[in-house]
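We use all heavy atoms of the structure for the numbers below, so side chains are in, but hydrogens, waters and symmetry mates are not. Numbering of residues begins at 1 and proceeds along the displayed sequence.
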Amino acid sequence: MPKPSLAELRPVVHPGGLKDRRSGEHWAGRLYMREISLRCTRVLLNTRLTPNQYTGLMILAGIAAGAALVIPGLTGAILGALLIQLYLLLDCVDGELARWRKVTSTTGVYLDRVGHYLSEAALLVGFGIRAADVLHKDGAATQWQWAFLGTLAALGAILIKAETDLVDVARARSGMAAAEDSAATPRSSGMALARKAAAALKFHRLVGGVEASLVILVAGIADFVHGDLLFTRVAVVLLAAVAVLQTVLHLVSILASSRLR
């Protein structure tokens, strides 16, 4: 089957408003990845793999990124960041293929969400294990407290996503339609102002896969120059603190909004 041109493919796989979904489209997708994925999708149109199988590959790439961080030195940090980029690419490709082939499904959406949970948690757990120095490149003993903090960050990242997803679950079980975007604004003017300030600072994004991989890469470069794991360990503390704080603030924001009404 002849392949469509990019001009023919784009309006189908990138329907109007896709890149403008501030709550749904990642900044990296808007900035560069959607243009890369469009060309990859065109190459992959006639392959036998289904969109859900590409989602499976996305999950493997995300988990592999976390595992790669166990590799000491700059190698592990670079490999982890590259695998997260592959994860993001596959996250774009699976949906684009599904839209072109007209096989979008609830199962695909579900697998995509599960993939985000697993991959981002694996990255943060891997970062904690990296800081614990399990291969003893920076000392004679494994310091498991850093692995604990990485796992705490992973738990927070999962809970933040779960808090958002459970809004839809709660509404569906109560026979309510999905909440409008406007419902996310807290009813209290003070809470609304605090939410705007937090959104402007965007610190909550640090525990997301792409952002966390960049933090990890910067820490890895700094450690390479400094000669130990100081910056990696500082970054683990930072990400754990952000994850715990954001888990609480996000829950309060949901309860203070109209999303459950």
Side-chain angles (χ1 to χ4, degrees), residues 18-19 21-37 40 52 54-71 75-96 108-131 147 149-165 199 201-221 232 235-247 250:
L18 178 71
K19 291 185 180 181
R21 298 177 306 158
R22 295 292 170 181
S23 61
E25 180 70 0
H26 194 275
W27 61 264
R30 292 193 299 271
L31 186 62
Y32 63 89
M33 191 56 80
R34 283 293 179 186
E35 291 304 312
I36 298 173
S37 68
C40 290
N52 287 348
Y54 281 106
T55 303
L57 292 176
M58 176 198 83
I59 296 171
L60 290 177
I63 293 174
L69 295 180
V70 179
I71 301 172
T75 301
I78 292 173
L79 187 57
L82 290 176
L83 283 167
I84 285 296
Q85 290 299 310
L86 177 60
Y87 155 84
L88 180 60
L89 173 62
L90 291 167
D91 190 27
C92 293
V93 165
D94 61 0
E96 292 172 2
V109 174
Y110 178 79
L111 289 175
D112 188 71
R113 294 304 297 168
V114 169
H116 291 171
Y117 277 57
L118 289 175
S119 300
E120 296 188 12
L123 183 73
L124 293 169
V125 169
F127 191 34
I129 294 173
R130 176 182 178 85
L149 287 176
T151 303
L152 183 64
L155 178 61
I158 289 175
L159 286 175
I160 292 165
K161 291 182 179 298
E163 287 169 353
T164 299
D165 290 343
L201 292 172
K202 294 181 173 32
F203 75 95
H204 59 285
R205 288 187 173 179
L206 288 176
V207 292
V210 174
E211 292 82 355
S213 73
L214 295 177
V215 170
I216 292 166
L217 179 58
V218 170
I221 294 171
T232 285
V236 167
V237 172
L238 171 66
L239 294 183
V242 167
V244 171
L245 180 61
Q246 181 60 17
T247 299
H250 191 45

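Within the 4.5 Å cutoff, no side-chain heavy atoms of Gln246 are placed close to those of Val207. A 4.5 Å side-chain heavy-atom check between Gln85 and Val210 finds at least one atom pair inside the cut-off.
The minimum heavy-atom distance between Ala219 and Ala235, with the atom names listed, is CB-CB, 4.2 Å. For Gly80 against Ala65, the heavy-atom pair with the smallest separation is O-CB, 3.7 Å. Closest of all the heavy-atom pairs between Val125 and Ala154 is CG2-CB, 3.7 Å. Here the closest non-hydrogen pair linking Leu123 and Leu69 is O-CD1, 3.5 Å. Nearest approach of Gly115 to Met58, heavy atoms of both residues: CA-CE, 3.8 Å. Contact record, Cys40 with Val93: CB-CG2, 4.2 Å, taken as the closest heavy-atom pair.
The OH atom of Tyr32 lies 11.0 Å from the OG atom of Ser37; values are rounded to the nearest 0.5 Å. The CG atom of Leu217 lies 11.0 Å from the CG atom of Leu79; values are rounded to the nearest 0.5 Å. The structure places CD1 of Ile59 at 6.0 Å from CG of Leu118, a figure rounded to the nearest 0.5 Å. To the nearest 0.5 Å, atoms OG (Ser213) and CD1 (Ile78) are separated by 12.5 Å. Atom CG of Asp91 sits about 12.5 Å away from atom CG of Leu57, to the nearest 0.5 Å. One distance of note links CZ of Arg130 with OG1 of Thr232; it measures 5.0 Å at 0.5 Å rounding.
Side-chain N or O atoms of Tyr117 include one that pairs as donor or acceptor with a backbone N or O of Ala162 at under 3.5 Å.
At a cut-off of 3.5 Å, with distance as the only test, no side-chain donor of Tyr54 or Glu96 sits close to an acceptor on the other residue.
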Review point. Are His26 and Met33 close enough, and set up right, to give a side chain to side chain contact (heavy atoms under 4.5 Å, CB included), and what steps lead you there?
Key: CA-CA 9 Å; His26 194 275; Met33 191 56 80; over 6 Å; no

